[in-house]
Structure formats: structure tokens, C-alpha cells
There are 2 protein chains.
Amino acid sequence: MRILGVDPGLNRTGFGVVQVEGARCVLVAAGDIRPNPKAGLPLRLAKIHTELAVLADRYQPQVLVLEQAFTHARFPTAAQRMGHARGVICLLAQEKGILLAEYLPTRIKRALTGRGHATKDQVARMVQQWLGAFDPSWSSDATDALALAIAHAHMETNRAALARAA
Amino acid sequence: MRILGVDPGLNRTGFGVVQVEGARCVLVAAGDIRPNPKAGLPLRLAKIHTELAVLADRYQPQVLVLEQAFTHARFPTAAQRMGHARGVICLLAQEKGILLAEYLPTRIKRALTGRGHATKDQVARMVQQWLGAFDPSWSSDATDALALAIAHAHMETNRAALARAA
């Protein structure tokens, strides 16, 4: 199974692709899409949509993983702006026939580190440990996107093991 | 000039197309896009994107008008959800080479009725008056979308008149 994690943002959208091989997660690709911060909203969204389409065609993921949309009650404008990026990413999943999976941030952290309120550093260290690889040039968004992909792989593996045991 | 107003929503996205002929606004089309409320987010967004693409191809608008995104501080989750629909609409404008225009709701109401805090009914009556047409089957979203298109036409006409006078 190949999994694409995406951390949406209008300034920087992180992505991470992993390949599940048995109980292992192998790094395929990770990085950022960086729309021109001086460009208008439509052009930025088109950049995210176009580059994700290229990644989807190149890596052929079966699943696209996002953090579940939740209420940033203190930052509603930021939440709405992020919603724009999230919208074109969900659209891309539909257009490319990729299954969308969504998890709450606490669930992602718990799957990776055992703790729902792990720090960013703890998550990054677990990403490194799971993949046996780490590139210091990865942004925090790319690392978060990899964390999403790995957490999904981990939960799928557990689900499959439970199904076999039942 | 042909103008497409859009009132985004995941359950119902209203649209209204008007043609500017001198100082007049002529009704071209109005209605709703209604994604299946039982469908998932990606499919609903794809429905909005696909149907707007058909409308853009059919009516060839030069401008797409949206209400400016603003902070619904009391409803941040609703704002973020609406952001998803808004995102794919902005993307569509970019893909079709349609200029995006955004106005604050108060500016739209003032352009139509002279009052920034006009009621929905007052706006609907002014839409009817400007177009010399009204279809009782229009939803409030379709009427709001027409209001956006007419307000843009009105402001453009004023800008042109001011430019000629200067």
C-alpha cells in the first residue's frame, strides 16, 4: 500500500509518501509545495492542486491522509483560509480516485508516539525512527505529512492484525 | 461584460449570471448546485467544481464574484467548511481564466440598496428591481449570488463613469 500524507497550507503545503512493506514503512518522497506568497488566492490554490496532481500521478498512492478539520476557535480566519487549501486537496483526491482518510491530531500523535499530546520534536523523532531515514532539509510541514502517512499505515496494520485474530 | 456571482456552500451553492448592457443588468441564468448531503466531502466538492465548470463554459463570464472571506468568529467550524467550497470555486476561476472579485457583504448591500445593513428581503427586492425579473423558485443562495453579480456590475459602471468624468 502506498500512502500520501498532506499538511495543507496556503503558504506551504507539506507532503510525504510512504510505502507499506509488511510491518515496515519505507520512505518514498517528502517535501513542500510553496505557492508564491505574493500571488492571489486562485493562483496559490492552482499551484497546490497542480503539484499534488503531479505527485499523485508519479507515486500512485491509494490513500490520501489529512488531519481532521477541527475548530480553531481562537483562529477562525486562519481555519477558513486553511479550509481553501484543504478543499482543493479533497477535490484532487476525488479526481484521482484516491481514498481520503482523516484523523484527529491527537490520534495521529498517539499512533506514532503512544501519547496524544506529544510535542513536535517527539513526533519528528518517531518519524525518523519508523522510516530509518531523516532529511534535515524537510520542513516541519513535510515531517507532519510523513507522520500522517505513517500513522495511517500503523493503524491499518493494527486493524488487519485484529481482523486476523478475530 | 458577463458576470457570475457565486454564494458557496457544501449543501447548496447558489449562482447567478448577468449580462451588463450599458447601465442595465440583464438576467442570463440563476440557480443552485446541490451536492448530495449524504456524500463525502471530496465528492461534494467535485460536484461543485464540475457544475461550475459547465456553467463557466456555457456562459463565458469574464468575472466571478464572491463575498469576501471574513471571520465568522462565532462559527469557526462553519467558516472552515465553507472555506473548502470557496477553495474549489477560486481554483475554478483560475483554471478558466476568470477574474476573481471579492467584496465585503456590507459593500454588496450598500451598492444594491444604499444601506450596508439591509435585510435579505430588501436585497431580494432590489435584485428583482434591477433585473426586472424574478423567479419565485430561486433559493436565497441563488438570489444572493445574483446580488453579488449585480453589485459588481453597478460598481464597475460607477468606476467607469468616474474615470470618464476625471
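Below, chains carry the letters A, B, ... as their sequence lines are ordered, and counting in each starts from 1. Just so we're clear, the structure is a prediction, and the values are computed from it rather than from any experiment.
Rounded to the nearest 0.5 Å, atoms CG (B/Leu10) and CZ (B/Arg81) are 5.0 Å apart.
A/Ala142 and A/Gly31 make their closest contact through CB-O, 3.5 Å (heavy atoms, listed as atom of the first residue, atom of the second, distance).
Remark: the B/Gln122 side chain and the B/Arg115 side chain contain an N/O donor-acceptor pair separated by less than 3.5 Å. Side-chain atoms of A/Arg2 and A/Gln19 form a donor-acceptor pair, as typed in the model, at a separation below 3.5 Å. Side-chain contact annotation: B/Ser137 with B/Asp135, donor-acceptor N/O pair under 3.5 Å present.
Contact check for B/Leu146 versus B/Trp138: side-chain heavy atoms found under the 4.5 Å cut-off.
Counting heavy-atom pairs closer than 4.5 Å to chain B, the top residue among A/Val88, A/Leu91, A/Leu100 is A/Leu91.
Residues of residues 34-57 of chain B placed with any heavy atom under 4.5 Å of a heavy atom in chain A are listed by number as B/Leu41, B/Pro42, B/Leu43, B/Leu45, B/Ala46, B/His49.
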